[in-house]
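A short worksheet on the structure shown next.
Sequence lines set the chain letters: A, B, ... in the order given, protein chains first and strands last, and positions in each chain run from 1.
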Protein chains: 2
Amino acid sequence: MNIGAAAEQSNLPPKTIRYYEDIELVRPARSENGYRDYSETDVHRLKFLQRARSLGFTIDECRLLLSLYEDEHRASADVKAIALAKIEEIDRKLIELQSLRATLTNLAGNCHGDDKPNCPIIDDLAGDK
Amino acid sequence: MNIGAAAEQSNLPPKTIRYYEDIELVRPARSENGYRDYSETDVHRLKFLQRARSLGFTIDECRLLLSLYEDEHRASADVKAIALAKIEEIDRKLIELQSLRATLTNLAGNCHGDDKPNCPIIDDLAGDK
DNA sequence: GATAAAGCTTCCAGCTACCGGAAGGTCAAG
DNA sequence: CTTGACCTTCCGGTAGCTGGAAGCTTTATC
């Protein structure tokens, strides 16, 4: 299967698929004409990657998950640990974003938003107490 | 004022301050020995940038905010619009992260997390229905 | 059979917002 | 006078791609 078809099946752009070969995540065979030739297994891996990436796992985490995916003797605890770590990471980001949101909302709420120059947002950014 | 002192006052690393000069955000004078020489105004701008960046504004947004900061005739509405847009952006990120978190929590909750290979997380990533 | 369009190849550059490190000049202290 | 702290520039790397150029091959159309 050529890269275009693999792209369609995995819902990944060809550029990304080539990149995944560059970083040795999915290494397809080559046809005689030099075209990449993706097997069903390759496409499974691509789909796996697409899904894992969309869930926020980094490439390195994907690499690890992929090796577990293909390890018949994996311990599900190892997979779960990665997922839980990712959840904690998300929680940290959530807290930070909520804090930012609160600060910005507060600032915006104090700003008249008219055509006059006086602006509490700018004042805050400038460090005016 | 040398870059080290400016760094301390603005709470930005020297590397970052040099970078801000590269991208023409804050362009200090030069002393005779070639050292960067930061004025009080420069340091104000650096502090402004430090604060705006920490609130999640991109460099380009900071550039815009900085120009408003220094525009005597600015309309506070312009500043407020940027802040509100940033809040919307944060809201979008929050929703996405919450959705990811829910999915991952669900997956992890269904995984035994033992030493056996059977793993619903992997199954999901693999696309098994 | 000619031609054009689509699809493939490689390689190089760029995106964000810096950070690390090398090689070397300058300055203040002991 | 030397040591160490500070400064300079420049180069490369980070994450995860994306865009584009130059040049094949294959497919579709006339």
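Contact check of residues 85-93 of chain B against DNA chain C (heavy atom, cut-off under 4.0 Å) returns no residues at all. Of the residues in residues 46-53 of chain A, Arg53(A) come within less than 4.0 Å of DNA chain D through at least one heavy atom, sorted by number.
A side-chain donor-acceptor contact under 3.5 Å links Arg45(A) to the backbone of Leu25(A). Checking side-chain atoms of Asp37(B) against main-chain N and O of Arg30(B) turns up no donor-acceptor pair under 3.5 Å. Judged by distance alone, with hydrogens and angles left aside, the side-chain atoms of Asp22(A) form no donor-acceptor pair with the main-chain N or O of Tyr19(A) at under 3.5 Å. Remark: the backbone N or O of Gly113(B) is paired with a side-chain donor or acceptor of Ser76(A) at under 3.5 angstrom.
Counting heavy atoms from C-beta on, the side chains of Leu68(A) and Ile82(A) come closer than 4.5 Å. Here the side chains of Leu66(B) and Leu49(B) are in contact, with some heavy-atom distance below 4.5 Å. Inter-residue side-chain proximity for Leu125(A) and Tyr69(B) is flagged as unmet; no heavy-atom pair is nearer than 4.5 Å.
What separates CD of Glu24(B) from P of dA17(C) is a distance of 16 Å, to the nearest Å. Atoms OH (Tyr19(A)) and P (dG20(D)) sit 20 Å apart, rounded to a whole Å. Atom CD1 of Ile3(A) and atom P of dC17(D) are 14 Å apart (whole Å). Distance, Ile23(B) CD1 to dC15(C) C1': 13 Å, rounded to whole Å.
Closest to the side chain of Asn2(B), out of dC7(D), dG16(D), dC18(C), is dC7(D).
Here the CG-NZ distance, from Leu107(B) to Lys86(A), works out to 14.0 Å after rounding to the nearest 0.5 Å.
Considering only residues two or more places apart in sequence or on other chains, Gln98(A) meets the side-chain hydrogen bond (donor to acceptor under 3.5 Å, both in side chains) condition with none of them.
Taking a cutoff of 4.0 Å between a charged side-chain nitrogen and a carboxylate oxygen, Asp60(A) and Arg63(A) qualify as a salt bridge.
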Name every donor-acceptor pair, under 3.5 Å, that has one atom in a side chain of residues 2-9 of chain B and the other anywhere in the protein, sequence neighbours excluded.
none

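Crowding of Glu96(A) atom CD: a count of heavy atoms from other residues, nucleotides or ligands under 6.0 Å not exceeding 12.
A donor atom on one side chain and an acceptor atom on the other are not found under 3.5 Å apart for Asn106(A) and Thr103(A).
Regarding contacts with the backbone of dC17(D), a side-chain N or O of Tyr20(A) is found under 4.0 angstrom from either OP1 or OP2. Thr16(B) has a side-chain polar atom (N or O) that falls below the 4.0 Å cut-off from OP1 or OP2 of dC19(C).
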Would you tabulate the nitrogen or oxygen pairs shorter than 3.5 Å linking the protein to nucleotides 9-13 of chain D?
residue : atom : partner  : partner atom : Å
dT9(D)  : OP1  : Arg30(B) : NH1          : 3.3
dT9(D)  : OP1  : Arg30(B) : NH2          : 3.2
dT9(D)  : OP2  : Arg36(B) : NH1          : 3.1
dT9(D)  : OP2  : Arg36(B) : NH2          : 2.6

- [ ] Quick one, give me the B/S/- string for nucleotides 23-30 of chain C, reading 5' to 3', where B means a protein heavy atom under 4.0 Å from the base and S means that only happens at the primed atoms, P, OP1 or OP2.
- [x] --BBS---
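Pro13(B) comes within 4.0 angstrom of the backbone, heavy atoms only, and of no base.
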